[in-house]
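Written below as structure tokens is the structure these notes are about.
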Amino acid sequence: MDRNQLQRQVALKRSFLFEQCYLDPQQFVQLEELQDDANPNFVEEIVTLFYKDSARLFQKIEQALYSRPIDFAKLDDYMHQFKGSTSSIGAIKVKNECSQFKEFCLAANADGCVRALERVKQEHQTLRIHLENYFQLRRQAGLVQRV
């Protein structure tokens, strides 16, 4: 595949992520604008940090969710941190699922929290797959340096 075709695929994948509400175009474009020749992989590095931090927060959330008695205020605080991280990269669907989780926390609904956490994780993983594909296409198209 030639470079022009790869660049078109990158553009299509990016549009897909925006149109399907995986990413907030305004937030993601702001991240892209911070990328320059001195730091051509900035967005990918931020997303990588997001996923590393997510693993830590998921562990804390799960520990709090499965401890007895459940401290819903602590759960809500952890999810608030995670939701803030998702907002920083513009992860709309993940952020929306975080909001659902927080509603179950406010209602002290443990079963609802468990179900909502599974949806958060599912959206988180789906976005990860899409973003990995997007960044791989960008590297193939020569739009960033290889990490």
Side-chain angles (χ1 to χ4, degrees), residues 1-67 70 72 74-105 109-147:
M1 196 175 301
D2 73 2
R3 186 178 169 132
N4 287 336
Q5 287 176 311
L6 284 168
Q7 288 176 348
R8 278 193 296 277
Q9 280 192 340
V10 169
L12 287 172
K13 183 66 174 185
R14 186 173 178 267
S15 293
F16 169 83
L17 291 168
F18 295 157
E19 291 166 5
Q20 297 300 310
C21 295
Y22 285 105
L23 292 175
D24 174 359
Q26 184 177 359
Q27 181 63 35
F28 198 73
V29 168
Q30 283 180 346
L31 283 177
E32 289 177 327
E33 288 172 350
L34 296 172
Q35 198 161 264
D36 58 19
D37 291 339
N39 198 353
N41 303 327
F42 178 76
V43 176
E44 187 171 1
E45 290 168 6
I46 292 298
V47 169
T48 299
L49 288 173
F50 164 73
Y51 278 99
K52 284 181 182 175
D53 191 49
S54 296
R56 179 187 61 81
L57 285 170
F58 278 148
Q59 184 177 21
K60 285 184 174 185
I61 291 167
E62 288 174 344
Q63 285 174 348
L65 186 57
Y66 294 111
S67 66
I70 296 175
F72 287 100
K74 183 186 282 188
L75 262 179
D76 187 62
D77 285 345
Y78 289 148
M79 188 54 73
H80 183 75
Q81 287 176 39
F82 182 72
K83 185 178 176 185
S85 293
T86 64
S87 295
S88 72
I89 66 164
I92 296 172
K93 288 186 177 187
V94 180
K95 184 180 88 170
N96 291 344
E97 293 300 336
C98 291
S99 295
Q100 291 294 309
F101 183 96
K102 288 174 67 58
E103 286 181 27
F104 285 119
C105 280
N109 181 338
D111 291 336
C113 286
V114 170
R115 288 190 307 273
L117 181 59
E118 288 308 310
R119 288 192 306 273
V120 168
K121 288 173 147 184
Q122 182 179 1
E123 288 298 339
H124 180 266
Q125 182 60 24
T126 299
L127 178 61
R128 181 181 206 143
I129 291 166
H130 285 300
L131 286 172
E132 285 174 353
N133 180 254
Y134 171 72
F135 292 126
Q136 179 182 10
L137 284 170
R138 284 182 54 87
R139 284 190 298 277
Q140 289 173 349
L143 297 173
V144 295
Q145 293 178 356
R146 297 206 180 269
V147 207

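Keep in mind that what you see is a predicted model, and the values were worked out from it rather than measured.
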Note to self: If I take atom OG1 from residue T48 and atom CD1 from residue I46, how far apart are they, to the nearest 0.5 angstrom?
What the structure shows: 9.0 Å
Check: Nearest heavy-atom pair of R3 and G142: which atoms, and what distance?
Finding: NH2-O, 3.8 Å
Next item on the list: Examine H124 together with F50 and report whether their ring centres are nearer than 6.0 Å.
Entry: yes
Checklist line | Side chain to side chain, E97 and V94, heavy atoms closer than 4.5 Å | finding: no
Checklist line | Quiz item: cation-pi between K13 and Y134, 6.0 Å / 45° | finding: no
Margin query: If I take atom OG1 from residue T126 and atom CZ from residue R119, how far apart are they, to the nearest 0.5 angstrom?
Written below: 13.5 Å
Next item on the list: Give, for atom CD1 of I129 and atom OH of Y22, the distance between the pair rounded to the nearest 0.5 Å.
Entry: 9.5 Å
Item checked: pair Q122-L127: side-chain heavy atoms closer than 4.5 Å -> no
Next item on the list: Would you check, one step at a time, whether the test salt bridge (charged side-chain N to carboxylate O under 4.0 Å, His left out) holds for R56 with D53?
Entry: CA-CA 5 Å; R56 179 187 61 81; D53 191 49; 2.5 Å; yes
Next item on the list: Write down the atom of F42, the atom of L31, and the distance for their closest heavy-atom approach.
Entry: CD2-O, 3.6 Å
Notebook entry, point to check: Looking at side-chain heavy atoms only, is the closest gap between L131 and L23 below 4.5 Å?
Noted result: yes
Note to self: Would you say NZ of K93 has more than 12 non-hydrogen atoms from neighbouring residues, nucleotides or ligands within 6.0 angstrom?
What the structure shows: yes
Next item on the list: Please report the closest heavy-atom contact between Y78 and I61, naming both atoms and the distance.
Entry: CB-CG1, 3.5 Å
Notebook entry, point to check: Quick one: does C105's side chain get under 4.5 Å of M79's, heavy atoms only?
Noted result: no
Next item on the list: Please work out which of the three classes, parallel, tilted or perpendicular, describes the rings of F135 and F28, given edges at 30° and 60°.
Entry: tilted
Notebook entry, point to check: Can you find a pair of side-chain heavy atoms, one from S54 and one from S85, that are under 4.5 Å apart?
Noted result: no
Item checked: 4.5 Å side-chain heavy-atom contact, E32 and R14 -> yes
Check: CD/Q9 to CG/N133 distance, rounded to the nearest 0.5 angstrom?
Finding: 8.5 Å
Margin query: Strictly below 4.0 Å, N to O, side chains only: are E123 and R128 in salt-bridge contact?
Written below: no
Next item on the list: Could you pull out the closest heavy-atom pair between I70 and A110, with the gap in Å?
Entry: CD1-CB, 3.5 Å
Notebook entry, point to check: At their closest point, which heavy atom of Q27 faces which heavy atom of S87, and how far apart are they?
Noted result: CG-O, 3.3 Å
Check: Are any of the side-chain heavy atoms of E44 and R138 separated by less than 4.5 Å?
Finding: no
Notebook entry, point to check: Stepwise, does the side chain to side chain contact (heavy atoms under 4.5 Å, CB included) test hold for F72 with N109?
Noted result: CA-CA 9 Å; F72 287 100; N109 181 338; 5.9 Å; no
Notebook entry, point to check: NZ of K83 to CG of L57: how many Å apart, nearest 0.5 Å?
Noted result: 14.5 Å
Margin query: Can you classify the ring geometry of F82 versus F58 as parallel (below 30°), tilted (30 to 60°) or perpendicular (above 60°)?
Written below: tilted
Note to self: Let me confirm one number: the OG1-CG distance from T86 to D24, rounded to the nearest 0.5 Å.
What the structure shows: 10.5 Å
Margin query: Under the criterion side chain to side chain contact (heavy atoms under 4.5 Å, CB included), I'd like the reasoning laid out for F101 against L75: C-alpha separation, chi angles, the key distance, then a yes or no.
Written below: CA-CA 9 Å; F101 183 96; L75 262 179; 3.8 Å; yes
Margin query: Take a 6.0 Å sphere around NZ of K121 and say whether it holds more than 12 heavy atoms from other residues, nucleotides or ligands.
Written below: yes
Check: Taking all atoms of both residues into account, what is the closest heavy-atom pair of A116 and Q100, and its distance?
Finding: CB-C, 4.4 Å
Checklist line | Beyond-backbone contact of F18 with I92, side-chain heavy atoms, under 4.5 angstrom | finding: no
